[in-house]
Amino acid sequence: MPAPISLSTLLLSALLAFEFAAAQPLPDLSPVPPRPQASRLKPGWQQGPFMEIFVRAYQDSDGDGIGDLRGLTQRLDYLQELGVRGIWLMPIMPSADHDHGYASTDYRAIEPQYGSMADFDEFLRQAHRRGIGVIIDYVINHSAAAHPLFQAAAADKQSPWRDWYVWADPAPTGWDIWGKNPWYPSAQGESYFATFGPHMPDFNMRNPAVVAYHRSSMRFWLNKGLDGFRLDAVPHLVENSAQDWNDQPESRRLTRAFQRLIKAYPRRTVVCEATASPIAYAAPEVCGSAFAFGLQYEVVKAARGDAKAIQAVADYFKTAPASMATMLANHDIFAGQRVWDQLQDTGEQATARYKLAAATYLLQPGIPYLYYGEEIGMAGVTGLDGDEPLRAPMSWVPDGEPGGFSSSATPFRPLAPNRATHNVQSQRQDPESLLNFYKALLKLRSQHPALQSGRYEQAVAEGQVLRFVRHLGKDRLLVAINYGESSAKLAQAQGLLPLFPQTAATSTTLAPLSVSVFRLKPAKKP
Ligand SMILES: [Ca+2]
Ligand SMILES: [Ca+2]
């Protein structure tokens with residue numbers, strides 16, 4: 001979900017959209033029948049880890065300063081080597097915002113700046129060849145104001161598309177969504193409803209034709225072999241009144257129906273953005289998986305040694321389902337700064353504490369979603385507003401080296417300020433780097449199914465130490481993370497086989513700022 005930007009900017013862009021987009025032809029609205037086909041991916045791939053990627057910022061293949069699908073395909077080897085099993089692409093459909101992509105103008109096409117549908121098909125084929133699944137962002141709640149359907153609906157009260165959006169004349173009073181009145185005047189004098197600002201009008205999700213259109217558009221991608229969706233802002237699908245607009249029962253029912261449509265295809269997956277009630281949306285009867293908003297702040301605070309947060313992290317998965325999608329940060333500023341920026345003030349300990357944050361969410365239950373550049377500690381761009389600092393071009397190489405994000409001298413956004421040290425090329429060569437730490441942990445996770453889907457047992461926070469057991473079948477793995485600056489003694493001294501770090505001798509002393517994983521020997525029969 002994009003953060004709201006200034007009202008004047010939005011009004012201007014909405015007005016421009018009205019002026020210039022009026023004559024656009026309608027996109028493909030035809031019904032798409034289901035054509036479920038087998039998946040080429042291994043069972044269980046949906047356990048991740050996933051990498052969230054902003055295509056615009058990942059790799060530019062043609063030198064125009066804008067990342068694209070062909071560039072992304074070139075980087076699949078890197079993602080495979082890192083140990084990624086799923087990719088979440090932020091919106092790749094044509095969009096009126098020319099940046100983040102959450103203002104769609106056509107649900108069955110590719111953003112021209114990103115390439116062609118053939119480029120997408122090739123990317124998908126190449127990802128599958130490497131055992132990597134691909135899900136894309138799908139924005140159900142709203143289109144762009146520049147969408148030809150909204151343009152037609154706004155221009156003519158008799159338009160067949162009129163009832164695809166939400167209108168009122170006069171605008172109702174008393175509405176307040178995050179400090180703003182969501183009713184905006186249209187060119188004809190009446191008002192339309194737009195949760196996220198005037199450039200993104202809400203669809204009328206009570207209209208069965210709108211639901212059918214989205215169902216068909218999802219099938220369009222699934223029939224191509226896409227592996228699922230990240231559904232944007234689903235608690236906002238249906239509003240009932242100025243008081244009852246967030247997370248209404250109708251929104252949950254619709255979400256469930258979309259989940260069923262997607263999972264009618266073999267081995268597909270879906271994850272929801274539901275900020276207000278993540279755990280409810282992760283339930284099988286709603287979305288099946290949802291981002292664990294809130295947990296990421298506790299994990300980063302725990303990594304700073306905050307005892308209360310360590311306790312909160314220990315407790316989270318005692319009740320939350322293992323289908324929660326976990327993360328440290330994402331593309332939205334409401335979820336926090338880039339992790340590097342959050343830990344900067346810990347000085348010389350920043351890298352060590354960053355590793356502890358990563359280990360915490362990669363070894364706990366949940367489906368981990370890395371945010372591109374997180375694995376190298378990319379910093380946010382300084383001097384930009386809102387979400388933009390989080391969405392810098394990927395730091396592949398230090399300045400002046402070939403093989404960076406783009407051959408253009410003017411990429412669409414400034415590069416990350418710490419790219420001289422925090423880039424893929426430099427960190428590949430440093431065994432102690434964040435990149436190699438992530439790689440090692442992801443390898444450990446993939447080698448031990450207990451770390452992916454094992455039960456969560458015996459979780460305790462003792463001062464600065466978090467420990468818990470992941471248990472699957474006969475396998476019991478003990479994870480111990482010491483967030484403290486002094487070494488700590490592990491209570492259990494018997495029957496431990498060290499798995500990580502590999503060099504550690506059997507020892508029950510936890511070094512300062514360290515993570516250790518042991519296999520618990522089965523108890524001897526009496
Ligand atoms: Ca490009
Ligand atoms: Ca809505």
Side-chain angles (χ1 to χ4, degrees), residues 1-2 4 53-75 89 92 94 98-99 101-104 110-116 118-120 122-123 138-145 147 149-150 153 163-168 172 175-178 180-184 191-207 210-211 213-214 231-255 258 272-276 393-394 396 404-413:
M1 133 180 11
I53 292 179
F54 183 30
V55 176
R56 187 173 296 274
Y58 210 60
Q59 180 64 56
D60 172 24
S61 72
D62 59 3
D64 66 354
I66 295 171
D68 46 56
L69 290 164
R70 287 185 181 200
L72 182 57
T73 302
Q74 292 166 12
R75 295 299 188 183
L89 297 182
I92 57 169
H98 303 300
D99 193 327
Y102 287 95
S104 307
I110 295 290
E111 162 61 44
Q113 290 183 324
Y114 290 177
S116 66
D119 294 337
F120 175 75
E122 178 61 12
F123 162 70
Y138 193 106
V139 186
I140 307 166
N141 179 66
H142 52 267
S143 73
H147 195 296
L149 288 175
F150 184 74
D163 197 32
W164 280 48
Y165 294 88
V166 183
W167 307 92
W175 284 77
D176 180 337
I177 297 186
W178 304 306
K180 281 185 181 158
N181 180 357
W183 293 93
Y184 296 91
S191 294
Y192 65 94
F193 183 80
T195 301
F196 296 99
H199 63 319
M200 296 192 284
D202 279 39
F203 279 112
N204 174 13
M205 295 302 297
R206 296 184 196 278
N207 181 347
V210 174
V211 176
Y213 168 58
H214 282 308
L231 300 182
D232 184 69
V234 283
H236 301 289
L237 296 182
V238 179
E239 294 76 19
N240 283 312
S241 71
Q243 287 71 42
D244 298 317
W245 53 268
N246 199 353
D247 187 19
Q248 298 299 291
E250 294 89 339
S251 295
R252 292 194 185 190
R253 281 199 289 273
L254 276 170
T255 301
F258 287 121
C272 283
E273 181 199 36
T275 45
M394 178 72 180
W396 296 106
F405 163 71
S406 174
S407 60
S408 165
T410 51
F412 78 100
R413 183 161 294 149

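Every number for a ligand or one of its atoms is a count from 1 in the order of the listing.
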Exercise for the section: Quickly, which of W167, W175, Y184 forms a ring-ring contact (aromatic ring centres under 6.0 Å, His included) with F193? Name it, please. Expected result: W175

Problem - Angle, OD1 of D60 through the Ca ion (ligand 1) to OD2 of D68 - 10° precision - result: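 That angle is 90°.
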
Problem - OD1 (D64) to the Ca ion (ligand 1) to O (I66) angle, given to the nearest 10 degrees - result: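 The OD1/O angle about the Ca ion (ligand 1) sits at 90°.
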
Expected output: side-chain [X] to main-chain [Y] donor-acceptor under 3.5 Å:
| X | Y | result |
| --- | --- | --- |
| Q59 | P393 | no |
| D202 | T195 | yes |
| R206 | E239 | yes |
| E111 | Q113 | yes |

Exercise for the section: Could you tell me whether R75 atom CZ has more than 12 heavy atoms of other residues or ligands within 6.0 Å of it? Expected result: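 Yes.
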
Completion exercise
Of all N, O or S atoms in H236, the one closest to the Ca ion (ligand 2) is O

Exercise for the section: Output the atom name for the N/O/S atom of D202 with the smallest distance to the Ca ion (ligand 2). Expected result: OD2

Handout entry: N/O/S atom of T195 inside 3.0 Å of the Ca ion (ligand 2), strictly under
Key =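 No - counting backbone and side chain alike, T195 has no N, O or S atom under 3.0 Å.
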
Exercise for the section: Please calculate the O(L237)-the Ca ion (ligand 2)-OE1(E239) angle and round it to 10 degrees. Expected result: 80°

Problem - N, O or S atom within D62 nearest to the Ca ion (ligand 1), by name - result: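 Result for D62 and the Ca ion (ligand 1): OD1.
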
Handout entry: Whether G63 has an N, O or S atom under 3.0 Å from the Ca ion (ligand 1)
Key =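 Checking G63: none of its N, O or S atoms is under 3.0 Å.
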
